[in-house]
Amino acid sequence: MSDEDLEYAKKLLRIVNVIENYNYYLIRRSIGLIFIVIIALTAIIIATINMIEQALNLSLFLSGMLYFSAFSLFFLVITILSHNIAKIPEIYSAKRMNYRNYGGIWMIAGIMILVSSVIIYNTYIPDIYFTFLLQVLFGVGFLGSYFTAKNDPDYPGKVKEEYLILGLVLILLSPLILLYPKYAWITAFTVVMIGTFIFGIYLILTASKVFEKWENKNGSENT
Amino acid sequence: MDPRILKELAELSRENKLLGSPARLSIMMLLYFRTRMKFTELQLALGLTPGNLSSHLKKLEQANYVRIIKGFINLRPATIVEITPLGAKKVKEFASLMRKILRDVERS
């Protein structure tokens, strides 16, 4: 076979690769977008409640209730709307994805955050332990997503190592909260929010990685 | 081109007569990535005459690979061509078959 034929075959293979992985590309971008939306809205909610808290000089109990109600409502809305935010045309879904399976670990992490907030704020346990737990549980959530992705070749968007890195960063940086209790919330918000925001942007910018991965795999098969 | 590739590609075209035509395959590939396109956009992208494009689209519509919608865009009448889930499935299947053939060729 001539070099020209081989080159032509390679070009066709590249097109075929794009067709076969296009749905993963779209899903990866959608996942990135969901994380950015979540972080942006969380920042808005926190800033608004903080302003209300200072303007009305609310008690700890009232501001706690305000945060609790706002975030319960927020997560309810996000759960309902995430299907629309991440909606990709029906034609690209090779099979129906059951996102509930992927969200299970986050559901558990969310319940644990809620339970720990109730326990810590109603007992004499110092508040910084909640901040510490919050960051650790976010890390555990991302690690859970990594292990789910590891065992599922069809995991939405083929996001895998990215979850592991973010999860480890969150967990490994969590002792900083206990070491510098004065800056506990600042540390947690900086690490969790900026980390997740960068993660979302990274997923969008590197969405075309789903095509490269295949090409590398294909290349190694040939050697 | 290698006669073996030609033979295998000819077989592939015979198996799926609709996508075996380069023009129809190009229409379907464009629609696969864009989901829906205006008739004029498709015509411009592929360099086909309106009659030629209409004839290909009619065949694809009969096979339920595309859906043709007549509507208005900015108060102007427009013909919109949309890929159906069956059409997308066929493009993917065709791509997989092509990959199989091309991989064998590349290995040999």
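B:Y32 OH to A:N23 CG: the interatomic distance, rounded to the nearest 0.5 Å, is 5.5 Å.
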Show me the donor-acceptor pairs within less than 3.5 Å that the side chains of residues 186-198 of chain A make with the rest of the protein, sequence neighbours left out.
{"from": "A:T187", "atom 1": "OG1", "to": "A:Y183", "atom 2": "O", "distance (Å)": "2.6"}
{"from": "A:T190", "atom 1": "OG1", "to": "A:I186", "atom 2": "O", "distance (Å)": "2.4"}
{"from": "A:T196", "atom 1": "OG1", "to": "A:V192", "atom 2": "O", "distance (Å)": "2.4"}

N/O donor to acceptor pairs below 3.5 angstrom from side-chain atoms of residues 59-79 of chain B, sequence neighbours left out:
{"from": "B:R67", "atom 1": "NH1", "to": "B:E82", "atom 2": "OE1", "distance (Å)": "2.4"}

Side-chain polar contacts of residues 165-174 of chain A - donor-acceptor pairs under 3.5 angstrom, sequence neighbours left out - could you list them?
{"from": "A:S174", "atom 1": "OG", "to": "A:I171", "atom 2": "O", "distance (Å)": "2.5"}

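Both the backbone and the side chain of B:S96 come within less than 4.5 Å of a heavy atom of chain A.
Shortest non-hydrogen contact noted between B:M29 and A:I19 is CE-CD1, 3.6 Å.
Within residues 40-55 of chain B, no residue has any heavy atom closer than 4.5 Å to a heavy atom of chain A.
Using a 4.5 Å cut-off on side-chain heavy atoms (C-beta onward), B:F33 and A:V18 make contact.
Among the candidates B:A95, B:A88, B:G87, B:P85, the residue making the largest number of heavy-atom pairs closer than 4.5 Å to chain A is B:A95.
With respect to A:E20 and B:R99, a salt bridge is recorded, a charged nitrogen being found less than 4.0 Å from a carboxylate O.
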